Amino acid sequence: MSEKAKVSAVGLTKKFDDLLVLDNISFDIAKGEFVCIVGPTGCGKTTFLNILSKIWPATSGELLIDGEKADPKKHNIAFAFQESSAFPWLTVEQNIRFGMEQKNLPKEIINERTEQMLELLELKEARNYFPRQISASMESRVVIGRSFALHPDLLLMDEPYAQLDIEFRYHLEDAVLKLSKMTGSTVIFVTHNIEEAVYLAERCIVLTNKPTTVKTIEKIDLPYPRDICSKEFTDIRDRITDYIKWW
Amino acid sequence: MTNDGEKMKKALCAVISLLSVLTILVFWYMISWKNPELMPTPVETLKQMFEMIVNPTGVSLFEHVAASFTRVFIAYFSATLAGVLIGVAFGWSEIFRDFVHPIFELLRPIPPIAWIPIIVIWFGIGEVSKIAIVFIGAFVPIVVNTYSGMMQMDPIYEKAGKVIGANRKEMLLEIVIPASFPHILAGMKTALSQSWACVIAAEMIVAQKGLGYLIVRSMESGNMGNILISIFFISGISALLSYLFNKLEAIICPW
Ligand SMILES: Nc1ncnc2c1ncn2[C@@H]1O[C@H](COP(=O)(O)OP(=O)(O)OP(=O)(O)O)[C@@H](O)[C@H]1O
Ligand SMILES: [Mg+2]
């Protein structure tokens, strides 16, 4: 299994001074897999992603991509943050192009993917607007577009829909699933919302309270698009809810 | 409906503003009419102004304006250039900050005008001195704003850049500077009005030309009309400059 893993976390540990937040977390993720991480508030989900993306150093442990140490300069990692991170000085279109231009992708590819993202995320009309001129939900879509446009090896998403209204969430969840299949990106998606996790994920990693370890990894073997009212769906959802409720 | 309401409101605002100007004119007229030794009437002042423009004795009004303007122009642009560079260096390099910051903090509270004696002794009473004083006045707010804009940047943008794999240079040029740009412009705006204030002050002390000089000369010769004219021009030009600056800001910083 481990030769085939796209992303492996090996004994990731993070301490803030004396506060042990992440305690020896290990797992493998296959190429193109969609994994959700759920866990109680404040358990260290954001911290975990910050370490995976190399924004912060781990206290100990390693993150491997394709068996090599992860490096943002070499690997293609994208991150949709919990807070909105669309650059206010760039237009919607320029925001989506930004990452690709940083990575010096060929012009035709940049143009093609930009159009594709604008189309898929329904941002075409807003392409020349600045972030302050658009709604929070549009801004989230801009960040999602900017991330997926990179066709990243690893895409980290930290509750990207926290600010969105329910109706739009489902719409975007479908878009994200479609994009992840299309780009073949490996996605790690953090959420509070267990229903959302079961709707999206092929596997769901459940974290414990601090000091945080992996409580369990739940395989969700349901076909897409999933029916949130079906028995199988609610069974899995309730099982995961129980894991989290246990403490 | 709301549109009509908006229009009404705008019209009302315009009327009120007009009234305020009229009030001043009326008061001015009353005071000057009752006490002609205090100031000339608005009409006389206007006449005097035309005289100064069309038929000047010695240096014309426009030459005074041009002299002040040129000084501000040179000093302001060099201060912007230097101020942004130093401000960015402050924000970016910890070593530079630790070294220069104490000196800067020590000199910063000194009002630009307090430099006049030193500058006159060092540079004499030529153009260089006036430009240097205006430069000091403009330089400080630009450095401070540029630096604090960089410090106040939302760290999320830095994170976003880091994840994308931006190196230090790209981070500075494509993220930190654009993110602080509104602050830099705010500093430049303060600096512009500071420059204008400083040039007048400097000219009041060391000059043979310029609006500041005109005021002092008029005071010495007891020519109230000329003093009033100078004051109108000073405030009018200052208002014009900030108006132009706001227009420019909307063009170069539309977000
Ligand atoms: N920079 C930091 N310095 C010290 N402690 C930190 C820092 N960042 C986070 N923590 C602590 O680490 C723990 C985990 O924080 P984190 O933000 O990762 O949680 P989270 O699971 O993302 O929470 P939420 O569900 O609210 O998004 C918290 O107890 C927090 O106080
Ligand atoms: Mg979080």
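What you see is a predicted model; the values in this text were computed from it and never measured. Convention: sequence-line order gives letters A, B, ...; per-chain numbering from 1.
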Engineer: Step through the shown structure and confirm whether more than 12 heavy atoms of other residues, nucleotides or ligands are within 6.0 Å of NZ on B:Lys209.
Structural biologist: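 Open: at most 12 neighbouring heavy atoms sit under 6.0 Å from NZ of B:Lys209.
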
Engineer: Of the backbone (N, CA, C, O) and the side chain (C-beta and beyond), which part of A:Ala86 lies under 4.5 Å from a heavy atom of chain B, both, or neither?
Structural biologist: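 Just the backbone, heavy atoms under 4.5 Å.
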
Engineer: Please say whether more than 12 non-hydrogen atoms of neighbouring residues, nucleotides or ligands are located less than 6.0 Å from CD in B:Glu94.
Structural biologist: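 Counting other residues, nucleotides and ligands, CD of B:Glu94 stays at 12 neighbours or fewer.
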
Engineer: Quick check on A:Lys74 against chain B: is it the side chain, the backbone, both or neither that has a heavy atom closer than 4.5 Å?
Structural biologist: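 Contact with chain B involves no heavy atom of A:Lys74 at all.
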
Engineer: For the atom pair CD1 (B:Ile156) and CD (A:Glu83), what is the distance rounded to the nearest 0.5 Å?
Structural biologist: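 Taking CD1 in B:Ile156 and CD in A:Glu83, the distance rounds to 3.5 Å.
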
Engineer: Once you round to the nearest 0.5 Å, how far does CH2 of B:Trp255 lie from CG of A:Leu90?
Structural biologist: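 Here the rounded value is 8.5 Å.
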
Engineer: Measuring from atom NZ of B:Lys159 to atom CH2 of A:Trp56, what distance do you get when rounded to the nearest 0.5 angstrom?
Structural biologist: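 That separation rounds to 5.5 Å.
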
Engineer: At a 4.5 Å cut-off on heavy atoms, which part of B:Pro254 comes close to chain A: side chain, backbone, both, or neither?
Structural biologist: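 Both parts, backbone and side chain.
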
Engineer: Compare every heavy atom of A:Ser53 with every heavy atom of B:Val163, then report the nearest pair and how far apart it is.
Structural biologist: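 Smallest heavy-atom distance, with atoms named: CG2-CB, 4.1 Å.
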
Engineer: Would you find more than 12 non-hydrogen atoms of other residues, nucleotides or ligands less than 6.0 Å from B:Ile95 atom CD1?
Structural biologist: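 12 or below, so no.
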
Engineer: Might you confirm whether atom NZ of A:Lys178 has over 12 heavy atoms from other residues, nucleotides or ligands at distances under 6.0 Å?
Structural biologist: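 Not buried by this count: 12 neighbours or fewer within 6.0 Å.
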
Engineer: Do A:Phe87 and B:Glu174 make a side-chain contact, defined as non-hydrogen atoms from C-beta onward lying under 4.5 Å apart?
Structural biologist: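 Side-chain contact under 4.5 Å: no.
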
Engineer: Using modelled atom types only, decide if a donor and an acceptor are shared between the side chain of A:Lys73 and the backbone of B:Asn167 within a distance under 3.5 Å.
Structural biologist: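 Judged by distance alone, no pair lies under 3.5 Å.
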
Engineer: Could you check whether atom CZ of A:Phe27 has more than 12 heavy atoms from other residues, nucleotides or ligands sitting under 6.0 Å from it?
Structural biologist: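 Yes - once you tally the heavy atoms of other residues, nucleotides and ligands closer than 6.0 Å, there are more than 12.
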
Engineer: Please check if atom CZ in B:Phe99 has more than 12 non-hydrogen atoms from other residues, nucleotides or ligands closer than 6.0 Å.
Structural biologist: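 Check fails, neighbour count at 12 or below.
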
Engineer: Using heavy-atom distances under 4.5 Å, tell me whether A:Asp71 contacts chain B through its side chain, its backbone, both, or neither.
Structural biologist: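 Contact with chain B: none, neither part.
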
Engineer: Could you check which of A:Gly99, A:Pro88, A:Pro72 has the highest count of heavy-atom pairs closer than 4.5 Å to chain B?
Structural biologist: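 Most heavy-atom pairs within the cutoff with chain B belong to A:Pro88.
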
Engineer: Tell me, yes or no, whether the heavy-atom count around A:Tyr129 atom OH, taken from other residues, nucleotides or ligands under 6.0 Å, exceeds 12.
Structural biologist: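 Not buried by this count: 12 neighbours or fewer within 6.0 Å.
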
Engineer: Parallel, tilted or perpendicular: which describes the rings of A:Trp89 and B:Tyr157, with under 30° parallel and over 60° perpendicular?
Structural biologist: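 Aromatic pair A:Trp89/B:Tyr157 classed perpendicular.
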
Engineer: Quick one: which of B:Gly165, B:Cys253, B:Pro178 has the most heavy-atom pairs under 4.5 Å with chain A, could you say?
Structural biologist: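 Highest number of pairs under 4.5 Å: B:Pro178.
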
Engineer: Within the supplied structure, the quantity of interest is the number of heavy atoms (other residues, nucleotides, ligands) at a distance under 6.0 Å from B:Phe245 CZ; does it exceed 12?
Structural biologist: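 Check passes, neighbour count above 12.
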
Engineer: Check whether A:Phe98 gets within reach of chain B through its side chain, its backbone, both or neither, counting any heavy atom under 4.5 Å.
Structural biologist: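 Just its side chain gets close to chain B.
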
